[in-house]
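A, B, ... follow the sequence lines: proteins, then strands. Residue 1 opens every chain. Computation of the quantities below employed the complete heavy-atom set of this structure, encompassing side-chain atoms and omitting hydrogens, waters and symmetry-equivalent molecules.
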Amino acid sequence: MTTRTKIKDVLKGNLIDQTVNVKGWVRTFRNNSFIAINDGSSINNIQAVVNFENTNPDTLKRITPGACVGVTGKLVASQGKGQTVEIIVSDIEIYGDAESDVTKPNSYPLQPKAHSLEFLREIAHLRFRTNTFGAIFRVRHTLAYAIHKFFNEKGFVYMHTPIITSSDAEGAGEMFRVSTLDPKNPPLTETGEIDYKQDFFGKSTNLTVSGQLEGELAAMAFSDVYTFGPTFRAENSNTARHLAEFWMIEPEMAFYDLKDNMALAEEMLKYVITYALDKNKEDIEFLSQRLLDEEKNKPQTERSELNLLEKLNFCLGNEFAKITYTEAIDILRESNHNKKKKFQYIIEGWGADLQSEHERYLVEKHFKKPVILTDYPKDIKSFYMRMNDDGKTVAAMDILFPGIGEIIGGSQREERLEKLESRMKDMHIPTEEMSWYLDTRRFGACPHAGFGLGFERLVLFVTGMTNIRDVIAFPRTPNNCEF
RNA sequence: UCCUUCUUAGCUCAGCUGGUUAGAGCACAUGACUGUUAAUCAUGGGGUCCCUGGUUCGAGCCCAGGAGAGGGAGCCA
């Protein structure tokens, strides 16, 4: 009995002349002889050669795209040109058929031809079996692993912050309500409001929009912590960069100021991208080529200057540009783009929030590399960000990536109790409910900082994909919760 | 949520100024071939033209409403 070998390992070729067994799903069956089998361990298929003259014709008919097969045979150097090794099949087992006749109901929808990303999104449960999505989700895995590896090597503690929260004061966005009350007949208070005292938790609860506040509590004990978990926003955002359910990495570090925070973020991004380039070289090369092929149909002016691999390497080889909000406003105001009124929103003066066209100009036209923007006006940022000495700006930072926009948002936190409380009052955030959070400022407060990295946006950048729905297995967006 | 474009065969698309029986490539089926590389060659089947209503002698095409998708914007990660 030969034990199964993963196709990735068979392709290494050091098992040559040995009998091997592989199991996987048929991609194509050419010439009644050559089965391309993929088991997800690699972007590459193994070619299994059957002798159709002494194989049962009924078995041959069942070798169709999508079918699951196991083959046993001798691994030999390939006679053909497209691959170095192949398996001469001595035994084949069909584990699961896949109907290939499209005139029949429930036929396998993936055909040996190119499909549009939009079509594959409708069959997200099967799209893992394509080259593109195989590559994307292997890269996604590697990036997730690299993030844990990076923080672990730096001595960070991985915190699991709660998914269900009662805090509605984080201000990061609209929340999904969590309730076990009967939606048709909820208990009411005397004033006619829904009585959440009778709900499961005895109060109104929601899905988390951020683990940051809980992360800060932990950082006041472990010094360096991070979270990596699902996050939920009930915003009615219909863009290629937003999801209702996404994964976020939120490190929080005691004794870090904004500069330390920025340096950690840049180091982490470069670390994980380097790691993925090393571990998933073939996948990223495939995705790079996919992007080139896609852009062939576009006019010259819309094509990228760098291919995906070059773009990633360029990002690794250069320091991120670091400028303050105030400097960014000056650059934008003095730009020909602004003077020629090419912006939809003309930069008038200091204080306005930057529109994505401005961010894109800074990243893609002016600096042509990732940009860290710092020290935003306090009025356009969150209550917990540390007030700068000028009294006008806060110690915030956003990292902007080409093609993606904001990939990281972070800040040094306001550790001074009085200043934090007065900010909360200004922004109508109830300090009583947030007493547990304010305790960190009452007992052994220290300067600290942290940031949030949108994991899917990182995956977008590394895979060169342009729609966030294509880098998460089963995307949740307004009006869409399939699978 | 706003702006905009689209929806025709399993997939990707064409369809002229509103005109008779709606096309192509790929996929699929059948056959041939048998060292292929999304195999090739031949033959064949395959349509609720997104839905509802309207205009018209006549609607895939025009009008109104609806649904779904793409791109852009806002909010953000």
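- Residues from residues 106-123 of chain A that place a heavy atom under 4.0 Å from any atom of RNA chain B, listed by number: A:Gln111, A:Pro112, A:Lys113, A:Ala114, A:His115, A:Ser116, A:Glu118, A:Phe119, A:Arg121.
- As rounded to whole Å, 12 Å separates atom P of B:rG74 from atom CZ of A:Phe343.
- A:Leu458 comes within 4.0 angstrom of nothing in the nucleic acid, heavy atoms only.
- Shown are A:Leu373, A:Leu354, A:Ile407; of these, the side chain to side chain contact (heavy atoms under 4.5 Å, CB included) with A:Leu400 is made only by A:Leu373.
- When the side-chain nitrogen and oxygen atoms of A:Asn467 are compared with OP1 and OP2 of B:rG71, one or more of them lie within a distance under 4.0 Å.
- Atoms CZ (A:Arg233) and C1' (B:rC76) sit 7 Å apart, rounded to a whole Å.
- Screening residues 52-67 of chain A for side chain to side chain donor-acceptor pair (under 3.5 Å), with sequence neighbours left out, gives A:Arg62-A:Asp97.
- In the set B:rU34, B:rG10, B:rU37, B:rU37 carries the atom at the smallest distance from any side-chain atom of A:Arg30.
- A side chain to side chain contact (heavy atoms under 4.5 Å, CB included) with A:Met465 is found for exactly one of A:Leu291, A:Val471, A:Val459, namely A:Val471.
- At the heavy-atom level, A:Phe52 lies under 4.0 Å from base atoms of the strands shown.
- Counting distance only, with no hydrogens placed and no angle test, the side-chain atoms of A:Gln47 and the base atoms of B:rU36 include a donor-acceptor pair under 3.5 Å.
- Residue A:Ser100 has its side chain nearest to B:rC28 when only B:rU30, B:rG70, B:rC28 are considered.
- Remark: C1' of B:rC76 and CG of A:Leu460 are 14 Å apart, rounded to the nearest angstrom.
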* **Dot-bracket line, read 5' to 3' along RNA chain B, where crossing pairs take [ ] and | marks a partner on another strand, Watson-Crick or G-U under 3.5 Å** => (((((((..((((.....[...)))).(((((.......))))).....(((((..]....))))))))))))....
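- Base engagement by A:Glu86 is indicated by at least one non-hydrogen atom pair under 4.0 Å involving a base atom.
- Taking only side-chain atoms of A:Arg241, from C-beta outward, the nucleotide of B:rA73, B:rU36, B:rC28 with the closest atom is B:rA73.
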Report, one pair per line, the protein and nucleotides 5-8 of chain B atoms (nitrogen or oxygen only) whose separation is under 3.5 Å.
none

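- Side-chain proximity of A:Gln355 to the nucleotides B:rG74, B:rU34, B:rA77 is greatest for B:rG74.
- A donor-acceptor contact under 3.5 Å is not formed by the side chain of A:Ser237 with the base of B:rC76.
- The aromatic rings of A:Phe151 and A:Phe156 lie tilted to each other, with the angle between the two planes from 30° to 60°.
- For A:Gln83, taking side-chain heavy atoms from C-beta onward, the closest of the listed nucleotides B:rA73, B:rC76, B:rU37 is B:rU37.
- With sequence neighbours excluded, the residues satisfying ring-ring contact (aromatic ring centres under 6.0 Å, His included) with A:Phe150 are A:Tyr271.
- Screening residues 466-483 of chain A for salt bridge (Lys or Arg N to Asp or Glu O under 4.0 Å), with sequence neighbours left out, gives A:Arg121-A:Asp470, A:Arg127-A:Asp470.
- Nearest nucleotide to the A:Asn238 side chain, out of B:rU34, B:rA73, B:rU30: B:rA73.
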